[in-house]
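Data first, discussion second: the structure below is written as structure tokens.
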Amino acid sequence: QVQLVESGGGLVQAGGSLRLSCAAAGRTFSSYAAGWFRQAPGKEREFVAAVTWSGLSTSYADSVKGRFTISRDNAENTVYLQMNSLKPEDTAVYYCASAPTIARMRSPAYWGQGTEVTVSS
């Protein structure tokens, strides 16, 4: 079983930056695709970004393209989400997730507990 733990959330001003980290435990993680989802207050959880096991291919939601960057360091079993030019609408709890392939990220096999990001105007 893969255990995921997010960190790096906090309070930032609009236009600022934040880097989220997802530390993983479990030998299966490095061979899995990884991704980030978010859930804003009163809204459903939505897809943000994903990366293949190799880190060579990525996918982003239209709302974050050009502002967010997902990456991974398999040697350290860690996935990152660099968030720049943050907007108040980015406020949400961000969750790290893992799936066998990037195509199956629609229904991840593993989830972290989440880290809260609040962007003030």
Side-chain angles (χ1 to χ4, degrees):
Q1 183 174 326
V2 176
Q3 183 176 354
L4 307 173
V5 180
E6 302 95 332
S7 63
L11 174 64
V12 299
Q13 296 183 36
S17 298
L18 203 61
R19 190 189 195 193
L20 306 183
S21 297
C22 174
R27 303 181 70 84
T28 306
F29 179 73
S30 294
S31 64
Y32 270 47
W36 290 91
F37 290 73
R38 67 186 182 186
Q39 186 167 15
K43 296 185 177 180
E44 297 295 323
R45 188 172 300 185
E46 65 176 348
F47 169 78
V48 175
V51 61
T52 57
W53 71 268
S54 66
L56 298 178
S57 182
T58 59
S59 179
Y60 297 93
D62 289 340
S63 61
V64 306
K65 286 182 179 178
R67 298 190 299 121
F68 291 10
T69 302
I70 187 172
S71 62
R72 70 189 303 167
D73 184 344
N74 287 341
E76 298 294 332
N77 291 323
T78 303
V79 177
Y80 304 97
L81 183 67
Q82 178 65 47
M83 305 185 293
N84 298 324
S85 301
L86 284 163
K87 306 174 180 179
E89 50 262 46
D90 293 319
T91 295
V93 175
Y94 284 71
Y95 298 89
C96 178
S98 183
T101 66
I102 194 167
R104 294 180 62 180
M105 195 58 66
R106 299 185 307 276
S107 184
Y110 303 100
W111 292 94
Q113 295 300 307
T115 184
E116 187 170 356
V117 173
T118 301
V119 184
S120 62
S121 61

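Computation of the quantities below employed the complete heavy-atom set of this structure, encompassing side-chain atoms and omitting hydrogens, waters and symmetry-equivalent molecules. This is a predicted model, so every value here is computed, not measured.
Nearest heavy atoms, Ile102 versus Ala50: CG1-CB, 3.8 Å. When every heavy atom of Leu18 is checked against every heavy atom of Gly10, the shortest pair comes out as CD2-N, 3.9 Å. Residues Glu6 and Gln113 approach most closely at OE1-N, 3.0 Å, considering heavy atoms. Residues Ser17 and Asn84 come closest through the heavy atom pair OG-OD1, 2.9 Å. Pairing each heavy atom of Leu20 with each of Tyr94, the nearest pair is CD1-CB, 3.6 Å. When every heavy atom of Pro108 is checked against every heavy atom of Ala99, the shortest pair comes out as CA-CB, 4.1 Å.
Linking ILVMFWY residues whenever their side-chain heavy atoms come closer than 4.5 Å, directly or via other members, leaves Leu81 and Trp111 in distinct clusters. The hydrophobic clustering, which links ILVMFWY residues whose side-chain heavy atoms are closer than 4.5 Å, places Tyr95 and Val51 apart. No continuous path of ILVMFWY side-chain contacts below 4.5 Å connects Phe47 to Phe68, so the two sit in separate hydrophobic clusters. Placement of Val48 and Val12 within a single hydrophobic cluster is found when ILVMFWY residues are connected by side-chain heavy-atom separations under 4.5 Å, directly or transitively. Residues Met105 and Val2 do not share a hydrophobic cluster, clusters being chains of Ile/Leu/Val/Met/Phe/Trp/Tyr side chains in contact below 4.5 Å.
Salt-bridge annotation for Lys65 and Asp62: present, with a side-chain N of the basic residue lying under 4.0 Å from a carboxylate O of the acidic one.
For Thr52, the side chain to side chain donor-acceptor pair (under 3.5 Å) partners at least two apart in sequence or on another chain are Ser54. For Ser85, there are no side chain to side chain donor-acceptor pair (under 3.5 Å) partners, not counting sequence neighbours.
Note: Asp90 CG to Thr118 OG1 = 11.0 Å, rounded to the nearest 0.5 Å. Considering OG of Ser121 and CD of Gln13, their distance stands at 9.5 Å, rounded to 0.5 Å.
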Check the pair Val117, Met83 against side chain to side chain contact (heavy atoms under 4.5 Å, CB included), reporting the backbone distance first and the verdict last.
-> CA-CA 10 Å; Val117 173; Met83 305 185 293; 3.9 Å; yes
List the steps and the verdict of side chain to side chain contact (heavy atoms under 4.5 Å, CB included) for Ser21 and Glu76.
-> CA-CA 11 Å; Ser21 297; Glu76 298 294 332; over 6 Å; no
When you look at Thr115 and Ser7, which way does the side chain to side chain contact (heavy atoms under 4.5 Å, CB included) test go after all the steps?
-> CA-CA 6 Å; Thr115 184; Ser7 63; 5.6 Å; no
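Residue-environment remark: CD (Glu46) exceeds the threshold of 12 foreign heavy atoms within 6.0 Å. Few gaps surround CD on Glu89; more than 12 heavy atoms of other groups in view lie less than 6.0 Å from it.
Between Tyr110 and Tyr32, the ring planes are tilted. Angles from 30° to 60° get that label.
Side-chain atoms of Thr91 come within 3.5 Å of backbone N or O of Val119 as a donor-acceptor pair. In this structure a side-chain-to-backbone donor-acceptor pair under 3.5 Å is missing from Tyr80 to Thr69. Remark: side-chain polar atoms of Gln39 are not paired, donor with acceptor, to backbone N or O of Ala92 under 3.5 angstrom. Remark: side-chain polar atoms of Ser98 are paired, donor with acceptor, to backbone N or O of Ala33 under 3.5 angstrom.
Side-chain atoms of Phe37 and Val93, non-hydrogen and from C-beta on, never get closer than 4.5 Å to each other.
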